[in-house]
J.: 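First, the structure itself, so that you have it in front of you.
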There are 2 protein chains.
Amino acid sequence: MAKGPVGALDVIDTANSPREGIMDAAMHLFGKQGYSGTSMRDIASAVGVLPGSLYAHIASKEMLLVDIVADGISRFLAAVQPIAASDADPAARMRAMIVAHVVVVADNPERSQVVFHQWRFLGEGNVQAAIAKRQEYEQAFITVMGEGIRTGAFRADLNLRIAVFTILGALNWSPEWLSPGGKLLPEVVGGLIADTLLTGICA
Amino acid sequence: MAKGPVGALDVIDTANSPREGIMDAAMHLFGKQGYSGTSMRDIASAVGVLPGSLYAHIASKEMLLVDIVADGISRFLAAVQPIAASDADPAARMRAMIVAHVVVVADNPERSQVVFHQWRFLGEGNVQAAIAKRQEYEQAFITVMGEGIRTGAFRADLNLRIAVFTILGALNWSPEWLSPGGKLLPEVVGGLIADTLLTGICA
DNA sequence: CCTACCGATCGGTAGG
DNA sequence: CCTACCGATCGGTAGG
């Protein structure tokens, strides 16, 4: 793959094409300022190009959001679905799914914020596709939770739907406070969140 | 308080002044479309007035957000702080705080979304004030959690900071799925979330 | 990727 | 609360 010696700049500039550079800048800006709060001029100046030049590489502002959201959800699905489908016991699977989710969030909190909040700004057809993929993701948690309740691994007296929303809520809120450069590794933070959710806060 | 017979329209139109009507429309639009995604023209047409007419009642778009966020946070503080300061045992207090939070969210999910997400669009000084009030709110949970760990009511092996973020995350995500007209009363939903968080999902 | 520009919409104001 | 309007900024395009 490498075309020659790897330069020091490769560490900083991860974009391999103009399009990737634009996507990356848009992702960070959409995550921090929101889709409506970000102008094409913001993106252009982050990339170091004049606004009109963006359209040589992308079709529209919305297509930028479409791609960022679709790619983002795919990362969560790719990390969590194999665990949900494994044959470990439900508690071990749920724990690993929680950790995997936190690792994906910590890898790029801004992208996660776009996935969690900015999909609302997609138009008609695109928003439906995003919702369908999000539901597919939620389904992985619902399935494992249901299996755990049936096998007796999880408490039978709790509401499945509400328990899953409680877990996903705690996870989806994590980009608000997770710092990628923090003292604790994402895997450790994920493990501590899983502890809290699996065994509760009561002694 | 009543100036005469109560008319049927009072049920629908709760605004007692033009300013309250504007605040109410802005609250719902900011919650659904975001601050940047809502124009003064959107608000004006929701109120049934021309855009320029709004400025007879409000100073600016940002002052609208300032007031909605400040009022919103105050409602959460007013509901939760008295419980945090009561002399019940930590587990009972934490449970009641969770239920109270969910009741406030369910009372008006759009206002809650503004409080949770749109405060970022406040300018310099106003954003600092909002963050301070939010931290005051988090402090109530941190205090009760710390007390519960010290007295042995809560598990000593979990990370206080992360446990609180897990709880607040689950709660702050609730406007995404709570439906005010749902089958379960907000108090019941809050109780089920509290069950999940206090005792965990494992049997 | 730049120059130069389009029509539409933005938050907000003066004067009545 | 309306009429009429301001300068600024928006997403996007034609032509090179």
Side-chain angles (χ1 to χ4, degrees), chain A residues 9 13-70 114 118-127, chain B residues 9 13-70 114 118-127:
Chain A
L9 279 175
D13 187 357
T14 55
N16 296 315
S17 68
R19 185 158 201 289
E20 284 178 47
I22 294 167
M23 294 265 293
D24 199 64
M27 184 188 78
H28 284 94
L29 287 164
F30 290 170
K32 272 188 260 190
Q33 313 177 0
Y35 177 73
S36 304
T38 302
S39 69
M40 296 305 283
R41 284 157 177 84
D42 288 338
I43 296 169
S45 82
V47 175
V49 107
L50 290 180
S53 305
L54 295 173
Y55 293 90
H57 308 287
I58 60 142
S60 66
K61 188 185 179 187
E62 180 171 350
M63 276 310 300
L64 222 37
L65 182 61
V66 168
D67 289 351
I68 294 168
V69 169
V114 179
Q118 304 305 314
W119 58 268
R120 290 169 203 278
F121 297 100
L122 292 168
E124 276 299 312
N126 291 324
V127 82
Chain B
L9 279 175
D13 186 357
T14 56
N16 296 315
S17 69
R19 186 158 201 287
E20 283 178 47
I22 293 167
M23 294 264 294
D24 198 66
M27 184 188 78
H28 283 94
L29 287 164
F30 290 169
K32 271 189 260 189
Q33 313 176 1
Y35 178 73
S36 304
T38 302
S39 69
M40 295 306 283
R41 283 158 178 83
D42 289 337
I43 296 168
S45 82
V47 175
V49 107
L50 291 180
S53 305
L54 296 173
Y55 293 91
H57 307 286
I58 58 142
S60 68
K61 189 185 180 188
E62 181 172 347
M63 277 309 300
L64 222 37
L65 183 61
V66 168
D67 289 351
I68 293 167
V69 168
V114 179
Q118 305 304 315
W119 58 269
R120 290 170 204 276
F121 297 100
L122 292 168
E124 278 297 312
N126 292 324
V127 82

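Numbers restart at 1 for each chain; the letters A, B, ... are given by sequence-line order, proteins then strands. We use all heavy atoms of the structure for the numbers below, so side chains are in, but hydrogens, waters and symmetry mates are not.
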J.: Calculate the interatomic distance between B/Y55 atom OH and C/dA14 atom P; express it in whole Å.
T.: 13 Å
J.: Nearest-Å distance, CG (A/D42) to P (D/dC10)?
T.: 7 Å
J.: For A/E20, enumerate each residue passing the side-chain hydrogen bond (donor to acceptor under 3.5 Å, both in side chains) test, keeping only those at least two apart in sequence or located in another chain.
T.: none
J.: Expressed as a whole number of angstroms, how long is the span from A/E62:CD to D/dG11:C1'?
T.: 12 Å
J.: List the atom of B/G123, the atom of B/E62, and the distance in Å for their closest heavy-atom pair.
T.: N-OE2, 2.7 Å
J.: Sugar-phosphate atoms are those with a prime plus P, OP1 and OP2; base atoms are the rest. Using that split, label each nucleotide of nucleotides 1-7 of chain D B, S or - for protein heavy atoms under 4.0 Å, 5' to 3'.
T.: BBS----
J.: If you look only at distance, which donor and acceptor atoms sit under 3.5 Å apart when one is on a side chain in residues 26-34 of chain A and the other is two or more places apart or in another chain?
T.:
residue: A/H28; atom: ND1; partner: A/D24; partner atom: O; Å: 3.0
residue: A/H28; atom: NE2; partner: A/E110; partner atom: OE1; Å: 3.4

J.: DNA chain D: stems of at least 3 consecutive Watson-Crick or G-U pairs, cut-off 3.5 Å?
T.: C:1-16 with D:1-16
J.: In whole Å, I'd like the distance from the CZ atom of B/F121 to the C1' atom of C/dG11.
T.: 16 Å
J.: Please walk me through it: do A/N126 and A/L65 pass side chain to side chain contact (heavy atoms under 4.5 Å, CB included)?
T.: CA-CA 10 Å; A/N126 291 324; A/L65 182 61; over 6 Å; no
J.: Can you check side chain to side chain contact (heavy atoms under 4.5 Å, CB included) on B/K61 and B/Y35, steps first, answer last?
T.: CA-CA 9 Å; B/K61 189 185 180 188; B/Y35 178 73; 3.5 Å; yes
J.: Rounded to the Å, how far apart are A/K61 NZ and D/dG12 P?
T.: 8 Å
J.: In this structure, which one of A/M40, A/M23, A/M63 forms a side chain to side chain contact (heavy atoms under 4.5 Å, CB included) with A/I58?
T.: A/M40
J.: List in numerical order all residues of residues 27-40 of chain B for which some heavy atom is under 4.0 Å away from an atom belonging to DNA chain C.
T.: B/T38, B/S39, B/M40
J.: Just how far, in rounded Å, is P of C/dG11 from CE of B/M63?
T.: 17 Å
J.: Which donor-acceptor pairs under 3.5 Å do the side chains of residues 44-54 of chain B make with protein atoms, sequence neighbours left out?
T.:
residue: B/S45; atom: OG; partner: B/D42; partner atom: O; Å: 3.3
residue: B/S53; atom: OG; partner: B/L50; partner atom: O; Å: 3.4

J.: What is the separation between atom CG on A/L65 and atom P on D/dG12, rounded to the nearest whole Å?
T.: 12 Å
J.: What are the two closest heavy atoms between A/S36 and A/F121, and how far apart are they?
T.: OG-CE2, 3.3 Å
J.: Among all residues two or more places apart in sequence or in another chain, which pass the salt bridge (charged side-chain N to carboxylate O under 4.0 Å, His left out) test with A/R41?
T.: none
